[in-house]
Amino acid sequence: MAIQRLEHGAYLSTSSEDTKDFGALLARLLADGDVLVLTGGLGAGKTQFTKGVAQGLGDTHPVTSPTFTLMAVHDAGRIPLYHFDLYRIEHAFELEDTGIFDVLGYEGVCLLEWGERFSDELSDAYLSMVIERTGEYGRKICFVPHGERASELAEAIDELVLATMNDTD
Ligand SMILES: Nc1ncnc2c1ncn2[C@@H]1O[C@H](COP(=O)(O)OP(=O)(O)OP(=O)(O)O)[C@@H](O)[C@H]1O
């Protein structure tokens, strides 16, 4: 895997494959109840990353961003992946209709695009992942944990990246 470690919690991807592979690697660490909030503008790579997570969990069906359906379930892998795109949600009360409260925090892994706007309503335990464009192909990926489990996860991600880098040295 070619993802580069900039510092603890900050990584650099230089291709969409890198970003996908990073998702697949990270998927190994995910467990029921984990919540990941993906932040990044249009074309940042949130969908590429999600493709990798689905693959890493063992679901090989195609992944597209659920911009209009709001939620997609990928349940052919080790544990279900609930992929939400909250871009079109304007008010917190609309969240109820997405089905998010039926699964968030206890069943499968929830991956929320544009979820940071509703972080108060949604969960106090989540791993925030921020993707920032640094060029045409460059993406800086930073993790900010909220809660104990998210801190453990961020730590485990860092260790896994370090171990992977050592393997390929
Ligand atoms: N390092 C990189 N990581 C991820 N995608 C990259 C990278 N470099 C270039 N790309 C390209 O950027 C685009 C990212 O698209 P993607 O659909 O994943 O973004 P997104 O964040 O889901 O956007 P949207 O919110 O518009 O759905 C793809 O065309 C991909 O090939």
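Both ligands and their constituent atoms are indexed starting at 1 by order of listing. Computed from a predicted structure; not experimentally measured.
The shortest side-chain heavy-atom distance between Val63 and Leu81 does not fall under the 4.5 Å cut-off. Between Glu107 and Pro80 there is a side-chain heavy-atom pair separated by less than 4.5 Å.
Between the side chain of Lys46 and the backbone N or O of Gly41, at least one donor-acceptor pair lies under 3.5 Å.
Using the six-membered ring where Trp is involved, Phe49 and Phe22 have ring planes that are perpendicular, over 60° apart on the 30 and 60° scheme.
For Asp32, the CG atom sits in a packed shell: over 12 heavy atoms of surrounding residues, nucleotides or ligands are nearer than 6.0 Å.
For ligand 1, residues of the protein lying within 4.0 angstrom by heavy-atom distance are Ser13, Thr14, Ser15, Ser16, Thr19, Gly41, Leu42, Gly43, Ala44, Gly45, Lys46, Thr47, Gln48, Glu136, Tyr137, Arg139.
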task: Apply side chain to side chain contact (heavy atoms under 4.5 Å, CB included) to the pair Glu116 and Ser128, showing each step before the final yes or no.
output: CA-CA 8 Å; Glu116 72 284 356; Ser128 170; over 6 Å; no

